[in-house]
Asks: 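Questions regarding the structure given below will be posed in turn.
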Amino acid sequence: MLSKVYSAAIHGIEARQVVIETSVDRGCGFLIVGLPDASVKESHQRVLSAIKQSGAGVVRKNVVINLSPADVKKEGAGFDLPMAIGMLAADGQIGVENLGDYMMLGELALDGSVLPVPGALPMAVKARELGFKRLIVPEANVTEAAVVNKVEVFGVRTLREVIELLGGTSELKPTIIDTRALFAASANKFDFDFSEVKGQEAVKRAFEVACAGGHNLIMVGPPGAGKSMLAKRLPSILPPLSMAEALETTKIHSVAGKLSRGSMLMTTRPFRTPHHTVSPVALVGGGANPMPGEISLSHNGVLFLDEFPEFPRQVLEVLRQPIEDRVITVSRAKYSVDYPASFMLVASMNPCPCGYYGHPKRRCTCQPGQVSRYMNKISGPLLDRIDIQIEIQPVEFDQLASREQGESSASIRERVIAARKIQQERYKNYPGIHCNAQMNSRLLHEFAWPDAEGLAKLKEKMEKLSMSARAFDRILRVARTIADLDASEKIQLRHLSEALGYRNLDRESYGQFF
């Protein structure tokens, strides 16, 4: 007898339908075809033991399982559950009439329990897209998958529960989640707030500008100046995720297996902080079984690189293409996948190896040439792609000892959201453009071109500081954001002057005195 059960395989961050065709005939054997990897081939003993422990009859016949389409590689243990159901259906132990209504996935333990698998959310999206009425997932994945509407999602703990559900004898109910209510309740909860920061008003302003326009930012300052502390508070002033952004971000983390048990839709923007020993593959993504890297896990959020020059040069250089294109293609001999990579790059670094170059009170102990060599660890093309470059100095004791609180993240966030709304209205007819940092040259000429006085000022400063053409574009983007924060339709001279002040590392003299 032949049966068909429906499941899905992950490719990139999207799911592809997989049909598990099972044939049970006379004889004795077990064969899986359809490009299975080692974990799929090893499912034989898990499936047989789970069937036995569930109380069903053991299938002691010749079993052939085909995973269709045969040219797509099947990876992971998520096919255990549909293969077990396919075997029981082909053996006549359960009916096949309703199998076409279900898509299912799950790993089976030897005792018949259903274990969680990565990628439940993109599979739920694919089930809705293909018109399936019901989805069966492990209980640990049910809240993650249930955020997708128009599909009844059942969370199961054992193979026995699945058999009863398909047979119509189960009292199991689909899980229903009010995603919008959940989103509204959790979108404004943060562990850190800018009201706790003493001083650093200029840096706070730079952060506000960066978040308002989606600009990349680098901080240069001595140890203990507060670079990491400030960066951790960035998510609290970023605009809230839209429902579409939340779904896309959660899909990436679901595929990577980063969602904890019982997780639902991500309601805050991701903030990723890889260590400087990270490898290029861990940053970009890929591997033997392709997975998203830190760049993609930061999608719609922040990628914070502390101690920027300590990252290997080859690791930093892989950032150049995704910063520009906001997507990264991982190509290997056996596969090619696209991962989204629209993130804010925030970096911090010391100004020199000892950390005290330019310090107002402590003397730099670096040898001649060390400062410039330290700065040269970051290539010019990469530095050019960072819109806002700001120096940060230690906070004075009087400010540290003050009991007065600074401006709250909620107040700053209101201004950021207002500026983003202006940008959304401006770019509503330009697909893929959502903020000023994403403007191309044509949009710069249309929306961010200064008047004659502003161009003259810009020319003077750029020639004096020997800035590149890319720096020219970045200055205009930042100036456009500053004007949006002022609710100004035109870019004025003060907006350009502030934007030019955020190009501190473009000075030819930086680090040349030691």
Asks: Given side chains that start at C-beta, do those of Leu108 and Leu159 come closer than 4.5 Å, heavy atoms only?
Replies: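 Yes, their side chains come closer than 4.5 Å.
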Asks: Please determine, by modelled atom types, if Tyr430 and Asn440 share a side-chain donor-acceptor pair under 3.5 angstrom.
Replies: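 Looking only at side-chain atoms, Asn440 and Tyr430 do not form any donor-acceptor pair under 3.5 Å.
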Asks: Would you say the side-chain atoms of Ser348 pair up with the backbone N or O of Lys227, donor to acceptor, closer than 3.5 Å?
Replies: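 Such a contact is absent between Ser348 side chain and Lys227 backbone.
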Asks: Distance only, no hydrogens: is a donor on one side chain within 3.5 Å (strictly under) of an acceptor on the other, for Asp193 and Ser236?
Replies: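 Per modelled atom types, Asp193 and Ser236 side chains form no pair under 3.5 Å.
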Asks: Please check if the side chain of Ser195 supplies one atom and the backbone of Gly406 the other of a donor-acceptor pair under 3.5 Å.
Replies: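 No.
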Asks: Is there a side-chain contact between Phe343 and Ile295 in this structure, where contact means two heavy atoms from C-beta onward sitting under 4.5 Å apart?
Replies: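 The answer is yes; the side chains approach within 4.5 Å.
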Asks: Let me confirm one number: the CG-CE distance from Asp387 to Met344, rounded to the nearest 0.5 Å.
Replies: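 Going from CG on Asp387 over to CE on Met344, the span is 9.0 Å.
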Asks: Can Lys251 and Glu248 be counted as an ion pair, charged N to O under 4.0 angstrom?
Replies: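 Salt bridge: no.
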Asks: Determine whether a donor-acceptor pair (N or O, by modelled atom type, separation under 3.5 Å) exists between the side chain of Thr250 and the backbone of Met266.
Replies: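 Checking the backbone N and O of Met266 against the side chain of Thr250, a donor-acceptor pair under 3.5 Å is found.
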Asks: How many angstroms lie between CG in Leu115 and CZ in Arg157, if you round to the nearest 0.5 Å?
Replies: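 Output value for this atom pair is 13.5 Å.
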Asks: Treating Ser298 as the side-chain partner and Glu294 as the backbone partner, does any N or O pair qualify as donor plus acceptor under 3.5 Å?
Replies: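 Side chain of Ser298 to backbone of Glu294, a donor-acceptor pair under 3.5 Å: yes, one is there.
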Asks: Return yes when atom NZ of Lys377 has more than 12 non-hydrogen atoms of other residues, nucleotides or ligands closer than 6.0 Å, and no otherwise.
Replies: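 Above 12, so yes.
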Asks: Take the angle between the ring planes of Tyr102 and Phe154 and call it parallel below 30°, perpendicular above 60°, tilted in between.
Replies: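 Rings of Tyr102 and Phe154: tilted, as their planes differ by 30° to 60°.
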Asks: So, Asn66 versus Ser68: side-chain donor-acceptor pair below 3.5 Å or not?
Replies: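 There is no such pair (donor and acceptor under 3.5 Å, judged by atom type) between the side chains of Asn66 and Ser68.
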Asks: Can a salt bridge be assigned to the pair Glu324 and Arg474 using a cut-off of 4.0 Å between side-chain N and carboxylate O?
Replies: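 Yes, Glu324 and Arg474 are salt-bridged.
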Asks: Got Ile378 and Met349 here, is their nearest side-chain heavy-atom distance under 4.5 Å?
Replies: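 They are in side-chain contact.
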Asks: So does Glu208 pair up with Arg415, basic N to acidic O under 4.0 Å?
Replies: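 The answer is yes: the pair qualifies as a salt bridge.
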Asks: Evaluate the side-chain proximity of Ile328 to Asp338: yes if any heavy-atom separation is below 4.5 Å, no if none is.
Replies: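 No, their side chains stay 4.5 Å or more apart.
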Asks: Does Val72 offer a backbone N or O that forms a donor-acceptor pair with the side chain of Lys74 under 3.5 Å?
Replies: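 Yes; judged by distance alone, with no hydrogens or angles, the pair exists.
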Asks: Assess whether atom NZ of Lys204 is packed by more than 12 heavy atoms of other residues, nucleotides or ligands within 6.0 Å.
Replies: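 Yes, enclosed.
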Asks: Val96 pairs by side chain to side chain contact (heavy atoms under 4.5 Å, CB included) with which of Leu99, Asn98, Ile94?
Replies: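 Filter result, single survivor: Leu99.
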Asks: Under 4.5 Å between any side-chain heavy atoms of Tyr6 and Val18, yes or no?
Replies: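 The answer is no, as the side chains (C-beta and beyond) never meet within the 4.5 Å cut-off.
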Asks: Check the pair Lys173, Glu152 against salt bridge (charged side-chain N to carboxylate O under 4.0 Å, His left out), reporting the backbone distance first and the verdict last.
Replies: CA-CA 9 Å; Lys173 302 295 182 183; Glu152 292 184 345; over 6 Å; no
Asks: Does some side-chain heavy atom of Ile392 sit less than 4.5 Å from a side-chain heavy atom of Gln200?
Replies: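 The answer is yes, as the side chains (C-beta and beyond) meet within the 4.5 Å cut-off.
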Asks: Mind running side chain to side chain donor-acceptor pair (under 3.5 Å) on Thr481 and His215 for me, showing each step along the way?
Replies: CA-CA 9 Å; Thr481 299; His215 303 289; 2.6 Å; yes
Asks: Would you confirm whether Lys258, through its side chain, and Leu297, through its main-chain N or O, come within 3.5 Å as a donor-acceptor pair?
Replies: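 Not a single qualifying donor-acceptor pair exists.
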Asks: Without swapping roles, check the side chain of His299 against the backbone of Ser342 for a donor-acceptor pair under 3.5 Å.
Replies: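 The answer is yes, because a donor-acceptor pair under 3.5 Å joins these two groups.
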Asks: For the side chain of Arg160 and the backbone of Ser54, is there at least one donor-acceptor N/O pair under 3.5 Å apart?
Replies: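 Indeed, once roles are kept as given, a pair shorter than 3.5 Å links the two residues.
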Asks: Say whether Ser379 and Glu317, considering side chains only, have a donor N or O and an acceptor N or O under 3.5 Å apart.
Replies: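 Judged by distance alone, the side chains do pair up.
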Asks: Taking the side chain from Ser43 and the backbone from Arg46, do they hold a donor-acceptor pair closer than 3.5 Å?
Replies: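 Not at all, since once roles are kept as given, no pair shorter than 3.5 Å links the two residues.
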Asks: Given side chains that start at C-beta, do those of Pro381 and Arg320 come closer than 4.5 Å, heavy atoms only?
Replies: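 They are in side-chain contact.
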Asks: Strictly by modelled atom types, are Ser254 and Glu144 linked by a side-chain donor-acceptor pair under 3.5 Å?
Replies: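 Per modelled atom types, Ser254 and Glu144 side chains form a pair under 3.5 Å.
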Asks: If I compare all heavy atoms of Val114 with all of Gly106, which pair ends up nearest, and what's the gap?
Replies: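 Minimum heavy-atom separation between Val114 and Gly106: CG1-CA, 4.1 Å.
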Asks: Mind checking whether Phe207 and Phe194 have parallel, tilted or perpendicular rings, split at 30° and 60°?
Replies: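 The arrangement is perpendicular - the two ring planes meet at more than 60°.
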Asks: Tell me, yes or no, whether the heavy-atom count around Lys52 atom NZ, taken from other residues, nucleotides or ligands under 6.0 Å, exceeds 12.
Replies: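 Result for NZ/Lys52: open.
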Asks: As a quick check of understanding, evaluate ring-ring contact (aromatic ring centres under 6.0 Å, His included) for Phe30 and His44, giving each step before the final call.
Replies: CA-CA 8 Å; Phe30 190 94; His44 178 202; 3.9 Å; yes
